[in-house]
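Everything below concerns the one structure shown next.
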Amino acid sequence: MEPIRLDKLLADAGLGSRSQVRQLIRKGLVTVDGAPAKGGEQKVDPEGQEILCQGEPMAYARFSYFLLNKPAGVVSAVTDARDKTVVELIEEPKRRDLFPVGRLDKDTEGLLLITNDGLLASRLLSPGRHVEKTYYAEVDGPLSELDVSLFAEGLDIGEPRRTLPARLEIEESGPERSQARLTITEGKYHQVKRMFQAIGRRVRYLKRLSMGPLGLDPALAPGEYRPLSREEVEALKREAAAPRPREGQKKEEAP
Ligand code: URA
């Protein structure tokens with residue numbers, strides 16, 4: 001393996017941003033083969049050298065995980081002939097194997113996980129897992145308690161089956177414009193927009209706030225990203241490993 005910068009190794013391992021890990025190094029908490037590390041730019045061989053942070057051995061992270069606040073105007077793809085892609089926004093680590101976990105529409109903002117961990121991605125996206133995704137939506141026209149019930153019952157959006165029960169939380173309803181949060185457990189194409197369309201509303205603005213245990217970091221402006229912390233990666237792995245009971249089935253089975 002080629003030597004890599006120590007600050008990249010520590011950041012990829014989930015210990016914090018590059019500037020945060022440089023602080024750890026400055027504080028003398030990182031050692032390379034028993035000697036205090038010289039600085040973030042020091043080149044290390046993670047396979048041939050012993051790298052310890054506060055006494056804990058560091059393995060080079062085979063997988064990278066980034067939380068991106070997707071801005072409007074970029075596409076959820078790896079490459080695109082016309083538009084900038086979400087992967088092109090991740091500049092810091094020169095990994096060529098990153099991809100987005102699922103898709104947000106070009107005009108949708110918010111939380112997008114970018115990784116090279118194919119197994120975790122396929123588990124999180126698997127229809128059987130029912131990972132909850134919460135969106136903030138602004139729609140034209142009012143929203144009512146009837147709409148809350150319609151979303152909870154499942155809507156006909158032109159698919160063979162109705163949508164699974166979804167949680168609509170109205171934040172504000174007005175004659176021209178309303179704001180709401182919507183939590184769904186599926187990921188059909190344009191699902192949120194089509195669900196609002198099914199009740200006669202058009203989505204004017206859409207932002208994803210969370211996916212399973214992962215929430216959008218308020219410190220990230222649209223277009224910014226950061227590596228996931230170790231706790232966040234572990235929480236996602238737990239989510240991916242634990243299938244949820246289908247809420248729709250539970251309802252149907254109730255007397
Ligand atoms: N649903 C949509 O309609 N668009 C998105 O980008 C995500 C969910």
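Predicted model, so just to flag it, every value in this text is computed and none were measured. We count ligands from 1, going down the list as the structure has it; atoms in each ligand are counted the same way.
- In terms of protein heavy-atom proximity, atom 4 (N) of ligand 1 is closest to D105 OD2, 2.7 Å.
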Review point. How far apart are the C-alpha atoms of Y65 and Y225, what are their side-chain angles, what is the distance that settles it, and do they pass the ring-ring contact (aromatic ring centres under 6.0 Å, His included) test?
Key: CA-CA 10 Å; Y65 306 88; Y225 64 90; over 10 Å; no

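- Nearest heavy-atom pair, E88 versus D83, reported as atom, atom and distance to 0.1 Å: OE1-O, 4.4 Å.
- In terms of heavy atoms, P222 sits closest to E109 at CG-OE1, 4.2 Å.
- Of all the atoms in ligand 1, the ones that sit under 4.0 Å from a non-hydrogen atom of L206 are 2 (C), 4 (N), 5 (C).
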Only pairs under 3.5 Å count here: list side-chain donor-acceptor contacts from residues 68-77, not counting sequence neighbours, and write none if there are none.
unit_1 : atom_1 : unit_2 : atom_2 : d
N69    : OD1    : G110   : N      : 3.4
N69    : ND2    : L220   : O      : 2.8
K70    : NZ     : V74    : O      : 3.0
K70    : NZ     : D105   : O      : 3.1
K70    : NZ     : K106   : O      : 3.0
K70    : NZ     : T108   : O      : 2.7
S76    : OG     : L104   : N      : 3.0
S76    : OG     : L104   : O      : 2.9

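- Heavy atoms of Y135 approach ligand 1 to within less than 4.0 angstrom.
- In the vicinity of T108, heavy-atom distances shorter than 4.0 Å reach the ligand 1 atoms 4 (N), 5 (C), 6 (O).
- Salt-bridge check for E132 with R167: passed, with a basic side-chain N closer than 4.0 Å to an acidic carboxylate O.
- There is a path of hydrophobic side-chain contacts, each under 4.5 Å, that joins L113 to F63.
- For atom 1 (N) of ligand 1, the nearest non-hydrogen atom of the protein is V192 N, 3.1 Å.
- At least one N/O-N/O distance between H190 and ligand 1 falls below 3.5 Å.
- Listed by atom number, the atoms of ligand 1 under 4.0 Å from Q191 heavy atoms are 1 (N), 2 (C), 3 (O).
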